[in-house]
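This report refers to the structure that appears directly beneath it.
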Amino acid sequence: MTNSNQKPAFTLRDRALKATIWRNQSEKGAHYSVQFTRIYTATDQQVKDTHSFSQSDLLRLSHMAAKAYDLIAEYRENDKLSQPATGAL
C-alpha cells in the first residue's frame, strides 16, 4: 500500500477515528487512497489501532469519508493544474 518512508498527504481526525490520505505516483499520474483506523488503548496500556468500527463510529466515519473524498477531489484538481499543457496551440 505505502512505502514506510512515505508521509501521508493529509490526516483527518475525529476523536479516536483517523482517515489517512495517501498520494501515490505512477506512470499514469497521481492516485490517492484512504486508510481508516480507530485508535484505542489496550488492556496493557499500549496505544494501538484497528480497522474495525462499532455502530457508534459509523456516522462519524461516513462524515470523514465524505471529507476525504472532497480533499482528494481538490488534490486531483491541483494535480491537473500543475501539469504542463500538452498538444498544439
Side-chain angles (χ1 to χ4, degrees):
M1 175 187 197
T2 59
N3 177 327
S4 61
N5 295 328
Q6 183 181 9
K7 294 186 180 188
F10 199 81
T11 301
L12 297 166
R13 293 288 305 256
D14 183 352
R15 291 186 260 174
L17 300 180
K18 182 167 70 168
T20 306
I21 300 171
W22 298 96
R23 182 181 191 273
N24 297 290
Q25 192 68 36
S26 73
E27 62 277 351
K28 294 181 180 180
H31 62 278
Y32 296 87
S33 61
V34 183
Q35 181 178 28
F36 295 99
T37 54
R38 182 175 51 84
I39 310 300
Y40 69 98
T41 303
T43 55
D44 61 2
Q45 300 305 307
Q46 290 189 4
V47 176
K48 299 184 178 188
D49 61 28
T50 183
H51 301 288
S52 178
F53 304 94
S54 68
Q55 179 184 5
S56 63
D57 294 328
L58 294 178
L59 184 58
R60 289 186 299 125
L61 187 64
S62 71
H63 286 243
M64 290 183 77
K67 288 179 183 179
Y69 179 89
D70 291 342
L71 276 171
I72 291 171
E74 287 180 33
Y75 290 151
R76 286 186 174 166
E77 188 62 32
N78 289 336
D79 289 344
K80 286 180 189 176
L81 295 174
S82 65
Q83 290 179 353
T86 58
L89 293 176

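Scope of the values below: all heavy atoms of this structure, side chains included, with no hydrogens, waters or symmetry mates.
Side-chain heavy atoms closer than 4.5 Å link hydrophobic residues (I, L, V, M, F, W, Y) into clusters, and following such links, even through other members, never connects Leu17 to Leu59.
Listed here is the closest heavy atom pair of Thr50 and Phe53: O-CZ, 4.5 Å. Of all the heavy atoms in Thr20 and Pro8, the pair that sits closest is CG2-CB, 3.5 Å. For the pair Arg15 and Arg13, the tightest heavy-atom approach, listed with the atom from each and the gap, is O-NH2, 3.3 Å. The two atoms that bring Met64 and Ala19 nearest to each other are CE-N, 3.3 Å, heavy atoms only.
With respect to Arg60 and Asp57, a salt bridge is recorded, a charged nitrogen being found less than 4.0 Å from a carboxylate O.
Every residue two or more places apart in sequence or in another chain that forms a side-chain hydrogen bond (donor to acceptor under 3.5 Å, both in side chains) with Gln25 is listed here: Arg23. Not counting sequence neighbours, the partners of Tyr75 by the ring-ring contact (aromatic ring centres under 6.0 Å, His included) test are Tyr32.
Sparse packing is recorded around OH of Tyr69, with 12 or fewer heavy atoms of other residues, nucleotides or ligands lying under 6.0 Å away.
If you take CD on Gln35 and CD1 on Ile21, they are separated by 12.0 Å, rounding to the nearest 0.5 Å. To the nearest 0.5 Å, the span separating CG on Leu61 from CZ on Arg38 amounts to 10.5 Å. Within the model, atoms CD of Glu77 and CG of Asp79 stand 9.5 Å from one another, a figure rounded to the nearest 0.5 Å.
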Next on the checklist: Let's go through Leu71 and Lys67 carefully: what are the C-alpha distance in whole Å and the side-chain angles of both, what is the deciding distance for side chain to side chain contact (heavy atoms under 4.5 Å, CB included) to 0.1 Å, and is it a yes or a no?
Outcome noted: CA-CA 6 Å; Leu71 276 171; Lys67 288 179 183 179; 5.5 Å; no
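Between His51 and Thr37, some side-chain heavy-atom pair lies under the 4.5 Å cut-off.
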